[in-house]
Enquirer: 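Would you mind keeping the following structure in view while I ask a few things?
To find a chain, count down the sequence lines: A is the first, B the second, and so on, and within it residues start at 1.
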Amino acid sequence: MKARVLHPWRVSHARAAGIQDALRPRLVAAPLPKEPRLVAGADVAYSRRTHRVYAAVVVVELPSLETVESVGVTRTATFPYIPGLLSFREVPSLIEAFERLSQAPNVLVFDGQGLAHPRRFGLACHAGLLLDAPSIGCAKTRLVGEHGPVPDRRGASAPLGVDGETVGAVVRTREGVNPVFVSPGHRADTESAVELVLALAARYRLPEPQRRAHHATVALHARDRDRPAARVRTYPDFVPKRPR
DNA sequence: GCGACAG
DNA sequence: ATCTTGTCGC
């Protein structure tokens with residue numbers, strides 16, 4: 001699938017936040033495709049020692065849940081991890097992986113937030129918008145928002161709200177296991193996102209495509225253990241302790 | 001100033 | 001997320 005690149009990735013933190021504000025109005029809220037045939041899961045692993053990033057996208061076919069395609073991309077990080085600016089760290093590698101797919105998935109699932117973000121523009125929103133595909137975020141922990149108790153039974157959920165507005169839901173995919181934070185990305189809505197996550201996570205905590213992408217990411221990292229340690233990175237806004 | 005803070 | 005060894009519970 002082809003992505004539309006509208007902005008550079010090596011930008012200041014202030015400009016990154018500005019880009020998120022500028023792109024947010026382009027997001028489309030809509031129910032996800034009824035019975036998607038292809039669902040992609042995406043995840044990224046890192047090596048702190050080498051500053052390498054390992055991105056993976058796994059496409060599964062429904063209703064069989066068979067893996068039909070898998071792509072891995074390894075790069076050097078060009079942006080640091082900053083809460084609220086995760087997409088600037090992960091999207092470049094993920095976009096490259098998605099562009100190598102032989103066929104476009106019907107829905108994309110990202111390991112991170114969608115609308116449940118300080119500026120309502122998390123990783124799933126950013127990636128989904130650039131790829132112009134229905135997308136949702138399925139994060140393992142909270143970034144923003146408040147929610148009531150989530151009954152300890154598979155299928156239970158509670159709205160995730162940010163000052164009066166529902167930005168997603170906290171969903172229990174397995175009894176006795178921490179719930180996941182689901183929120184719409186592009187061309188999605190909370191209700192259909194929650195239903196898709198529950199359909200894809202029948203046996204494990206995370207949706208199957210995302211879970212397999214995570215495994216792929218760990219494998220990529222493991223296969224790259226011999227890389228020499230990298231020198232200090234020069235990320236945007238980076239300021240050395242002892243200026244030269 | 002203090003606490004929170006996806007991966 | 002990564003680094004890193006062992007340990008608790010189904």
Enquirer: Look only at the side chain of A:Gln113 and the backbone of A:Gly185, and say whether a donor-acceptor pair between them is shorter than 3.5 Å.
Expert: no
Enquirer: Map every base of DNA chain C to its dot-bracket character, where paired means a Watson-Crick or G-U wobble contact with both distances under 3.5 Å and | marks a partner outside the strand.
Expert: ..........
Enquirer: Among residues at least two apart in sequence or on other chains, which ones pass side-chain hydrogen bond (donor to acceptor under 3.5 Å, both in side chains) with A:Arg187?
Expert: A:Asp132
Enquirer: Could you identify which residues of residues 136-144 of chain A place a heavy atom less than 4.0 Å from some atom of DNA chain B, listed by residue number, or say none?
Expert: A:Ala139, A:Lys140, A:Thr141, A:Arg142, A:Leu143
Enquirer: In residues 150-169 of chain A, which ones come under 4.0 Å of DNA chain C, going by heavy atoms?
Expert: none
Enquirer: Kindly give the cluster partners of A:Tyr54, where membership spreads through any ILVMFWY side chain lying under 4.5 Å from a current member.
Expert: A:Leu220
Enquirer: For A:Val28, which fellow cluster members are found when Ile, Leu, Val, Met, Phe, Trp and Tyr are connected by side-chain heavy-atom distances below 4.5 angstrom, either directly or through intermediates?
Expert: none
Enquirer: Sequence neighbours left out, what passes ring-ring contact (aromatic ring centres under 6.0 Å, His included) with A:Phe181? Give chain and number order.
Expert: A:His147
Enquirer: Residues from residues 43-59 of chain A sitting under 4.0 Å of DNA chain C, heavy atoms only?
Expert: A:Ala45, A:Tyr46, A:Arg48
Enquirer: Can we say A:Asp111 and A:Lys140 salt-bridge, meaning some charged N sits less than 4.0 Å from an Asp/Glu carboxylate O?
Expert: yes
Enquirer: Return the set of residues passing salt bridge (charged side-chain N to carboxylate O under 4.0 Å, His left out) with A:Asp163 (not counting sequence neighbours), or none when no residue passes.
Expert: A:Arg120
Enquirer: On DNA chain B, which is the earliest and which the latest nucleotide, 5' to 3', with an atom closer than 4.0 Å to a heavy atom of chain A?
Expert: B:dA4 to B:dG7
Enquirer: Treating primed atoms plus P, OP1 and OP2 as sugar-phosphate and everything else as base, which nucleotides of nucleotides 4-10 of chain C get B, S or - for protein heavy atoms under 4.0 Å?
Expert: -------
Enquirer: Give one of base, sugar-phosphate or nothing for A:Gly176, where a contact means two heavy atoms less than 4.0 Å apart.
Expert: nothing
Enquirer: For A:Leu85, which contact category applies under a 4.0 Å heavy-atom criterion: base, sugar-phosphate, or nothing?
Expert: base
Enquirer: Expected output is a numbered-order residue list: members of residues 189-223 of chain A with a heavy atom under 4.0 Å from any atom of DNA chain B. What is it?
Expert: none
